[in-house]
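The figures that follow rest on heavy atoms only: side chains count, while hydrogens, waters and symmetry mates do not.
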Amino acid sequence: MYVKTYSAVVNGLNVTRVTIEVSVVPGIAFHFTGLGDEAVREGRDRVAAALQYNGLRFPRADVTVNMAPADLRKEGTNFDLPLAIAILAADGQMDGSTLEQYMLVGELSLDGNLRPAKGVLPIAIKARAEHFKGLIVPKQNVREAAIVNNLDVYGMSNILEVIAFLTGQKHCEPVVVDTRKEFYEQQYNFDLDYADVRGQANVKRALEVAAAGGHNIIMIGPPGSGKSMMAKRLPSILPPLTLSESLETTQIHSVAGLLPQDSSLISQRPFRAPHHTVSEVALVGGGTNPMPGEISLAHNGVLFLDELPEFNKHTLEVLRQPLEDRQITISRAKYSVTYPASFMFVASMNPCPCGYYGDPTHRCVCLPGQIQRYLNKISGPLLDRIDIQCEISAIPFKELSKQEQGEPSQKIRERVIAARAIQTARFKGVSGIHCNAQMTERMIHQYAEPDSAGLEMLRQAMERLSLSARAYSRILKVARTIADLAASPQVLPDHIAEAIGYRQLDRADWALR
């Protein structure tokens, strides 16, 4: 007998429907075709053990399995469940008349229980697009898939439950998730808040400007000055995710298998902080089975690199193209995948190897040459993509011992949202431009051109501080954001002055003070 079941394969964020065809005829052999990897082919043994454990039998016949399209490589264990159901139906052990209505996903354990699967959300979106009546997934993934409207999603615990449902012996209700309610309820629940930060008003201001304009930022200061503490609180002042941004972010984490069990949408902007030993593949994605890297997992959120000079220089250089294009294309001999990578880049570093250069409370033991070599670990092209360079000092005891809390994140976030609203109106109708950090050179001259007084201030600053040429556009972008925070339609000299103060590393004499 010949039977078909349906599943899907995920390639990047693109999903292709897979038809599992099974033919059972007299004989003794098992044939597998369709470019399945080792995990897919091993599914035959898992299916056989699961069927036997649950009182069913693997056919003692000639079984031929094809996964179409046969020229597309299939990877992973998501095909166990549709393969088992197709074999049972082809062998006449169950009625297969309803199989064409459902897409099935799930790995089988040897006792027939279903294990969680990766990429369930994009598969659910594909199932709806292909006009399937429903999608059957492991119970742990059901809320993730149920956020897709106009699709019946069923969460199952084991293969016997799936068989009973498909043959009509058991009635199951599809899981319904109130997507908008859950999404909006969780947007404002943050564990970390800037109210916990004592002092450092200038740094919090720089982070507010960075959040308002989507600017990349680097913080330079001695150990213990609060660089990591403040960076981890940055998502609490960023504008809330939109529903479409949340769906896109959730799909990436679903493909990576990083969504918590029984979860639905990601409602807060992601914060990723890889260790400095991270490899190039782990940072940008790829591997034998292509997976999203840290820059894609930080999509619509923050990528934080602590102690930036400690990262491998070649690893850091791979960030240059994604920071410009806001996506990463990984091309290998056997595949080519594209992942989105629109993130806010935040970094921190010590000013020198010992960490105390410029600190009034500690003596720096580094030689000038050592300081310069330490700073040279960060290349000019990468530094060119960082708009704000903020210097941090150690917190004095007077500030640290204050009882009153600092300004809460909610108040800062309100100002950031107001500034982003101005930018949304400014760039309305311009594709791919959503905030000031993404402005082109033409837009800078159109929207961020200062008056004559501001232009003269900028000229004097570039000459006296020996600022590099690349600082010019960055200063104007940041000044435009500062003006937006002040609700000023014009970039004023005060805005230019503050933006100039955020270009510390561009000063030719910074490492010679």
Sidechain-backbone polar pair: Glu324 side chain, Arg320 backbone, donor-acceptor under 3.5 Å:
no
Atom NZ of residue position Lys411 - does it have more than 12 heavy atoms of other residues, nucleotides or ligands inside 6.0 Å?
no
For the residue pair Phe165 and Tyr154, does the interplanar ring angle fall in the parallel (under 30°), tilted (30 to 60°) or perpendicular (over 60°) class?
tilted
State whether a side-chain donor-acceptor pair under 3.5 Å links Glu248 with His299.
yes
Donor-acceptor under 3.5 Å (Ser409 side chain, Tyr194 main chain)
yes
Run the side-chain contact (heavy atoms from CB on, under 4.5 Å) test on Glu75 and Val9 for me, step by step, so that the C-alpha distance in whole Å, both residues' side-chain angles and the decisive distance to 0.1 Å come before the verdict.
CA-CA 8 Å; Glu75 298 171 339; Val9 61; 5.9 Å; no
Between Thr250 (side chain) and Ile266 (backbone), is there a donor-acceptor pair under 3.5 Å?
yes
Quick one: is the NZ or CZ of Arg385 closer than 6.0 Å to the six-membered ring centre of Phe345, and within 45° of its axis?
no
Look at the aromatic rings of His276 and Phe311 and report parallel, tilted or perpendicular, splitting at 30° and 60°.
perpendicular
Where do Arg115 and Asp80 land on the salt bridge (charged side-chain N to carboxylate O under 4.0 Å, His left out) test, with the steps shown first?
CA-CA 10 Å; Arg115 297 183 183 275; Asp80 287 2; over 6 Å; no
Donor-acceptor check, side chain of Arg420 to backbone of Ala212, threshold 3.5 angstrom: yes or no?
yes
Determine, for Lys204 against Glu407, whether the closest basic-nitrogen to carboxylate-oxygen distance falls under 4.0 angstrom.
no
